**Student:** 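One structure follows; several queries about it will come next.
Proteins get letters first, then strands, A, B, ... in listed order; numbering begins at 1 in each. Quantities reported herein were computed from a predicted structural model and do not represent experimental measurements.
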There are 2 protein chains.
Amino acid sequence: MKQKNGLSIGESSKQSGVNIETIRYYEKIGVMPVPDRSASGYRLYGADHLKRLSFVRRSRQLGFSLDEIRGLLRLVDGHAYTCAQVRELTLDHLAEIRRKIADLKRLERVMAEMAAQCSGDRVPECAVIDALFDTRPPAVEPSGRQPPMPTATSVMRRR
Amino acid sequence: MKQKNGLSIGESSKQSGVNIETIRYYEKIGVMPVPDRSASGYRLYGADHLKRLSFVRRSRQLGFSLDEIRGLLRLVDGHAYTCAQVRELTLDHLAEIRRKIADLKRLERVMAEMAAQCSGDRVPECAVIDALFDTRPPAVEPSGRQPPMPTATSVMRRR
DNA sequence: TCTTGACCCTGTAGCGGCTACAGGCCCTAG
DNA sequence: CTAGGGCCTGTAGCCGCTACAGGGTCAAGA
């Protein structure tokens with residue numbers, strides 16, 4: 001598997017935990033650099049590629065968007081980042097996570113309340129359905145934009 | 001705006017809070033029924049359509065996927081649902097929300113810890129970057145599938 | 001009556017972040 | 001020499017919309 005000048009994409013995938021298709025995708029969108037190729041056209045990766053792949057994976061796990069990761073990588077690549085810059089991105093992201101948590105907690109409360117209304121009866125009447133058919137507008141809107149989480153998380157108003 | 005046989009799509013959009021394009025999209029994917037048309041081909045909506053639109057909107061706000069909503073609507077349309085069936089869907093959904101909250105809270109902790117390591121110095125060394133480059137695997141995997149939230153929410157292992 | 005502008009129509013393409021294929025080449029083990 | 005796994009490129013699909021382009025329709029004002 002291991003050529004003298006690098007690892008195959010499959011080996012890199014195993015070691016970094018990033019899917020093969022995803023590695024090629026990252027290359028296509030410019031998150032990963034174009035790698036060297038073997039004589040027969042196979043991609044060859046070195047230790048620096050592996051580190052970068054792990055960086056991207058880790059950042060994705062932490063919920064950074066690929067765009068945010070591009071920003072982080074630009075700083076890293078330029079060796080020009082300050083800790084303060086990085087912290088700012090991190091804190092922005094943290095704030096967004098907290099917004100999501102708050103939204104989901106409101107959601108949780110509403111769902112739990114709806115479920116609690118259910119008697120489990122066989123009749124075609126159900127508090128949940130009634131609540132969903134209720135046309136009153138929700139009182140709490142989701143806190144700002146949340147593009148990484150397309151399903152809305154706003155909440156019905158208190159009953 | 002109001003024709004004798006129904007509301008225009010724009011009026012329905014305003015009253016239901018569902019975007020015009022989204023209403024047409026719902027029709028295309030079969031969540032909304034094909035409406036009557038005026039002589040000139042305009043869609044005409046009645047009170048039942050408005051109720052259904054509100055139902056879908058409300059359910060989306062509560063994080064139900066369109067597929068789950070289709071399930072709810074099938075029950076409603078058949079007038080054959082039991083409260084127990086609906087409650088089951090609701091509780092499933094509630095469990096998923098709770099998983100997401102738990103994942104996000106782990107995330108929050110890790111991000112906050114990382115940010116706290118930051119000194120704000122100008123030097124090109126940063127605890128956040130270091131942590132992201134750290135190749136150790138995360139200890140906590142995300143709890144099951146979470147397709148509605150594509151950004152991963154697994155978390156690095158405790159430092 | 002004509003014109004303007006708001007509305008509506010269909011159809012298609014794009015978003016993010018992948019994933020899954022189709023149809024081919026390459027490489028190694030038996 | 002053949003079978004199988006790996007790798008290649010390119011394209012299409014997933015969700016839940018949103019944003020066009022390129023037209024038709026309708027009502028109010030000059």
Side-chain angles (χ1 to χ4, degrees), chain A residues 1-4 6-14 16-32 34-45 53 56-57 59-71 96 142 145-154, chain B residues 1-14 16-32 34-45 53 56-57 59-70 96 142 145-154:
Chain A
M1 270 308 155
K2 193 175 178 176
Q3 304 244 37
K4 65 174 178 298
L7 300 176
S8 71
I9 195 172
E11 200 57 33
S12 305
S13 169
K14 263 174 216 149
S16 67
V18 180
N19 200 315
I20 289 181
E21 320 276 48
T22 307
I23 295 176
R24 286 197 280 250
Y25 171 71
Y26 285 165
E27 181 185 327
K28 194 168 68 181
I29 65 169
V31 162
M32 288 297 292
V34 173
D36 286 343
R37 299 283 184 135
S38 72
S40 57
Y42 286 17
R43 286 171 180 82
L44 296 175
Y45 294 100
L53 278 177
V56 175
R57 186 172 97 106
S59 306
R60 289 292 298 129
Q61 283 173 342
L62 291 175
F64 285 99
S65 70
L66 284 176
D67 222 49
E68 289 170 317
I69 293 172
R70 256 192 285 261
E96 207 175 322
R145 53 115 204 174
Q146 66 266 65
M149 187 169 168
T151 57
T153 45
S154 66
Chain B
M1 269 308 153
K2 193 172 178 178
Q3 303 243 34
K4 66 174 177 298
N5 287 319
L7 299 177
S8 70
I9 194 171
E11 202 55 36
S12 306
S13 168
K14 263 174 215 149
S16 67
V18 179
N19 199 315
I20 290 181
E21 320 275 49
T22 306
I23 296 176
R24 286 196 282 248
Y25 171 71
Y26 285 165
E27 181 185 329
K28 196 169 66 180
I29 64 169
V31 162
M32 288 297 293
V34 173
D36 286 344
R37 300 282 185 136
S38 72
S40 57
Y42 286 16
R43 286 172 179 81
L44 296 176
Y45 294 100
L53 277 177
V56 175
R57 185 172 97 106
S59 305
R60 290 290 299 128
Q61 284 173 343
L62 292 175
F64 284 99
S65 70
L66 285 176
D67 221 50
E68 289 171 317
I69 293 171
R70 254 191 287 258
E96 206 176 322
R145 53 115 204 172
Q146 66 266 62
M149 188 169 166
T151 58
T153 45
S154 68

**Student:** Measure from OH on A/Tyr42 to P on C/dC25 and round the result to the nearest Å.
**Tutor:**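 From A/Tyr42 OH to C/dC25 P: 12 Å.
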
**Student:** Please tell me if B/Asn19 has a side-chain N or O lying less than 4.0 Å from either OP1 or OP2 of D/dC17.
**Tutor:**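 Answer is no, no contact under 4.0 Å.
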
**Student:** Using a 4.5 Å cut-off on heavy atoms from C-beta on, say whether the side chain of B/Leu66 contacts that of B/Tyr26.
**Tutor:**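 Side-chain contact under 4.5 Å: yes.
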
**Student:** Return the 5'-most residue of the pair A/Leu66, B/Ile20 with respect to DNA chain C, ranking by each residue's nearest nucleotide.
**Tutor:**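 Whichever sits nearer the 5' end wins; that is B/Ile20.
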
**Student:** Could you give the CZ-to-C1' distance, from B/Phe64 to D/dC15, as a whole number of Å?
**Tutor:**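 So the two atoms are 17 Å apart, to the nearest Å.
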
**Student:** Apply the side-chain contact (heavy atoms from CB on, under 4.5 Å) test between A/Ile23 and each candidate in A/Val56, A/Val31, A/Val18; give the one that qualifies.
**Tutor:**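 Of the listed options, the one satisfying the test is A/Val18.
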
**Student:** Nearest whole angstrom, please: distance from the C1' of D/dT25 to the CD1 of B/Ile9.
**Tutor:**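 Rounded to the whole Å, the gap is 15 Å.
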
**Student:** Less than 4.0 angstrom between a side-chain N/O of B/Arg43 and OP1 or OP2 of C/dC9, yes or no?
**Tutor:**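 It does, given that an N or O in the side chain of B/Arg43 lies less than 4.0 Å from OP1 or OP2 of C/dC9.
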
**Student:** For the residue pair A/Glu27 and A/Pro35, establish whether any side-chain heavy-atom pair is separated by less than 4.5 Å.
**Tutor:**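 Of all side-chain heavy-atom pairs linking A/Pro35 with A/Glu27, at least one is under 4.5 Å.
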
**Student:** Given atom CD1 of B/Ile69 and atom P of D/dC17, what is their separation to the nearest angstrom?
**Tutor:**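 To the nearest whole Å, that distance equals 8 Å.
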
**Student:** Nearest whole Å is fine: how far is C/dG17 P from A/Leu53 CG?
**Tutor:**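 Taking atom P of C/dG17 as the reference, CG of A/Leu53 is at 16 Å.
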
**Student:** Round to the nearest Å and state the distance from A/Leu44 atom CG to D/dG6 atom C1'.
**Tutor:**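 Value for this atom pair: 14 Å.
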
**Student:** Does A/Arg37 have a side-chain nitrogen or oxygen under 4.0 Å from the phosphate oxygens OP1 or OP2 of C/dC26?
**Tutor:**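 So the side chain of A/Arg37 is outside the cut-off, no N or O lying under 4.0 Å from OP1 or OP2 of C/dC26.
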
**Student:** Measure CG/B/Asp67 against P/D/dC15 and give the value in whole Å, please.
**Tutor:**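 These atoms are roughly 7 Å apart.
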
**Student:** Apply the test side-chain contact (heavy atoms from CB on, under 4.5 Å) to residues A/Arg57 and A/Thr22: give CA-CA distance (whole Å), side-chain angles for both, the deciding distance (0.1 Å), then the verdict.
**Tutor:** CA-CA 10 Å; A/Arg57 186 172 97 106; A/Thr22 307; over 6 Å; no

**Student:** With sequence neighbours excluded, what pairs up with B/Arg24 under the side-chain hydrogen bond (donor to acceptor under 3.5 Å, both in side chains) test?
**Tutor:**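 With sequence neighbours excluded, B/Arg24 shows a side-chain hydrogen bond (donor to acceptor under 3.5 Å, both in side chains) to B/Glu21, given in chain and number order.
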
**Student:** Partners of A/Asp36 by salt bridge (charged side-chain N to carboxylate O under 4.0 Å, His left out), sequence neighbours excluded?
**Tutor:**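 Counting only residues at least two positions away or on another chain, A/Asp36 forms no salt bridge (charged side-chain N to carboxylate O under 4.0 Å, His left out).
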
**Student:** Nearest to the side chain of A/Ser8, heavy atoms from C-beta on, is which of D/dC26, C/dC18, D/dC7?
**Tutor:**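 Selected nucleotide: D/dC7.
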
**Student:** Can you find a side chain N or O atom of B/Ser40 that sits less than 4.0 Å from OP1 or OP2 on D/dG24?
**Tutor:**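 Answer is no, no contact under 4.0 Å.
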
**Student:** Report the distance from atom CD1 of A/Ile9 to atom OG of A/Ser16, rounding to the nearest 0.5 Å.
**Tutor:**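 Those atoms lie 9.5 Å apart.
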
**Student:** Name every residue in residues 21-29 of chain B that has at least one heavy atom under 4.0 Å from any atom of DNA chain D, in order of residue number, or write none if there are no such residues.
**Tutor:**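 Under 4.0 Å from DNA chain D: B/Glu21, B/Thr22, B/Tyr25, B/Tyr26.
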
**Student:** Rounding to an integer number of Å, can you tell me how far B/Glu11 CD sits from C/dA6 C1'?
**Tutor:**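 After rounding, the gap between these two atoms is 13 Å.
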
